[in-house]
Amino acid sequence: MKNLAPLLLASLLALAPSTAAAYCASVTGLAPGIASPSGIELPKDGGIVVGAFGEDVPLPIGDPAVQPNWRMKSGDVRARPKIVTLAPGLVVYQSTARSGRIDLENDSKESIAWVNATNRARPVLDAPEARTAEVFAASGFTHIDVELVAEAPKDAIAIVLTDKDGTPRSWGLVRRKMKTQQAFAHNRCQVVPNGSTLSQSGEQIRFFWVDNAGRPSKLSKVVSLRGKPNVPGLP
């Protein structure tokens with residue numbers, strides 16, 4: 001398990017691992033990875049973001065980002081974190097500690113991420129301003145590209161795609177210094193978290209940012225998804 005913040009997302013699809021296995025001789029599994037940077041000043045409503053990322057491990061049961069045996073350590077105290085789901089395969093681990101260093105520890109009590117907690121408030125990010133969104137499917141690769149008015153804010157680490165009512169469907173790690181972000185990316189030999197949905201052309205969708213402390217921004221305005229209609233689960 002490693003810090004995966006620099007990587008682009010191999011995102012989400014409503015597809016059971018057994019279905020993917022029928023297409024591919026071998027299928028990678030999913031494992032938890034740290035999505036937010038260590039060492040940040042953590043606002044009182046923040047936490048450490050963990051995602052489910054493709055890795056050569058056995059196929060998972062449930063959401064690999066949710067690890068009930070992980071603990072938040074503050075001083076000599078280890079406590080069960082509050083785990084808040086942001087999207088399928090993307091969660092934030094929160095601690096009740098309000099000052100000093102907080103470590104997220106795995107099952108072996110190894111520190112895998114840390115932050116400096118403060119009582120200071122920090123405003124959440126403004127909503128993404130999306131010009132267009134389009135779904136592409138070719139040669140076994142499906143992705144949804146979002147064309148934005150501006151580059152992602154510096155504190156944003158992920159963009160989440162939702163339905164028109166705000167229910168999360170898929171997400172992607174932020175690509176720096178780019179106005180085009182991918183809110184979904186998938187190739188036919190990946191497995192992805194249960195509960196994910198591949199949005200289809202013509203659907204009304206929205207977006208929100210997740211900042212480096214795991215806090216969602218406000219929702220964007222509704223946009224109509226363009227592109228090839230009726231993209232199947234696996235092209």
Side-chain angles (χ1 to χ4, degrees), residues 1-7 9 12 30-53 55 60-128 152-162 166-174 193-196 207-219:
M1 206 290 306
K2 51 193 175 183
N3 191 311
L4 297 173
L7 302 183
L9 173 69
L12 311 170
L30 292 168
I34 305 301
S36 54
S38 284
I40 65 168
E41 295 258 319
L42 189 73
K44 57 185 178 182
D45 56 347
I48 296 173
V49 183
V50 175
F53 295 89
E55 194 166 317
I61 297 174
D63 187 345
V66 177
Q67 296 290 322
N69 293 325
W70 288 6
R71 294 291 181 265
M72 305 292 273
K73 182 175 181 288
S74 176
D76 295 327
V77 178
R78 289 183 175 88
R80 185 187 300 273
K82 178 181 179 182
I83 302 177
V84 178
T85 297
L86 302 168
L90 187 69
V91 304
V92 57
Y93 289 67
Q94 298 177 337
S95 171
T96 57
R98 288 291 175 263
S99 63
R101 174 168 170 149
I102 301 173
D103 288 80
L104 177 60
E105 294 186 337
N106 62 16
D107 302 44
S108 302
K109 296 184 178 180
E110 298 168 330
S111 176
I112 54 177
W114 65 278
V115 291
N116 283 310
T118 75
N119 278 312
R120 290 191 290 275
R122 192 210 299 175
V124 298
L125 298 174
D126 292 333
K154 66 179 180 64
D155 287 340
I157 61 170
I159 186 167
V160 175
L161 183 157
T162 79
T167 300
R169 289 184 163 187
S170 61
W171 59 281
L173 288 179
V174 161
N194 292 327
S196 308
F207 305 93
F208 64 83
W209 298 117
V210 176
D211 73 9
N212 57 14
R215 303 173 310 155
S217 73
K218 299 176 182 178
L219 279 169

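Any value given below was found using the heavy atoms of this structure, including those in side chains, with hydrogens, waters and symmetry copies removed.
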Item to check | Minimal non-hydrogen separation, V49 against A213, with atom names | outcome: CG2-C, 4.3 Å
Checklist entry - Counting only heavy atoms not in N116, do more than 12 fall under 6.0 Å of its CG? => result yes
Next on the checklist: Which heavy atom of A158 sits nearest to which heavy atom of V174, and what is that distance?
Outcome noted: N-CG2, 3.4 Å
Checklist entry - Where is the tightest heavy-atom contact between Q67 and P64, given as atom of each residue plus distance? => result NE2-O, 2.8 Å
Next on the checklist: Counting C-beta onward and ignoring hydrogens, is there a side-chain heavy-atom pair between R122 and R215 closer than 4.5 Å?
Outcome noted: yes
Checklist entry - Could you state the interatomic distance from CG (L30) to CG (D63), rounded to the nearest 0.5 Å? => result 8.5 Å
Checklist outcome for this item: Here the side chain to side chain donor-acceptor pair (under 3.5 Å) pairs for residues 83-96, sequence neighbours left out, are none
Checklist outcome for this item: A127 and S217 have their tightest heavy-atom pair at CA-OG, 4.0 Å
Next on the checklist: Has R120 got a side-chain atom pairing as donor or acceptor with A117's backbone, closer than 3.5 angstrom?
Outcome noted: no
Checklist entry - Taking atom CD1 of I83 and atom CH2 of W70, what is their separation to the nearest 0.5 Å? => result 9.0 Å
Checklist entry - Mind checking whether V91 and L86 have side chains closer than 4.5 Å, heavy atoms only? => result no
Checklist entry - Does a side-chain heavy-atom distance below 4.5 Å link W209 with D155? => result no
Item to check | From R71 atom CZ to N69 atom CG, the distance as rounded to the nearest 0.5 Å | outcome: 6.0 Å
Checklist entry - Do I102 and W114 have side-chain heavy atoms sitting under 4.5 Å apart? => result no
Checklist entry - Are side-chain heavy atoms of D211 and V124 found at a separation under 4.5 Å? => result no
Checklist entry - Do L104 and M72 come within less than 4.5 Å of each other through their side chains, counting heavy atoms only? => result yes
Checklist entry - Can you tell me if CZ on R80 sees more than 12 non-hydrogen neighbours from other groups inside 6.0 Å? => result no
Next on the checklist: Between K154 (side chain only) and A156 (backbone N and O only), is there a donor and an acceptor less than 3.5 Å apart?
Outcome noted: no
Checklist entry - Side chains of L173 and F53: does their closest heavy-atom pair fall under 4.5 Å? => result yes
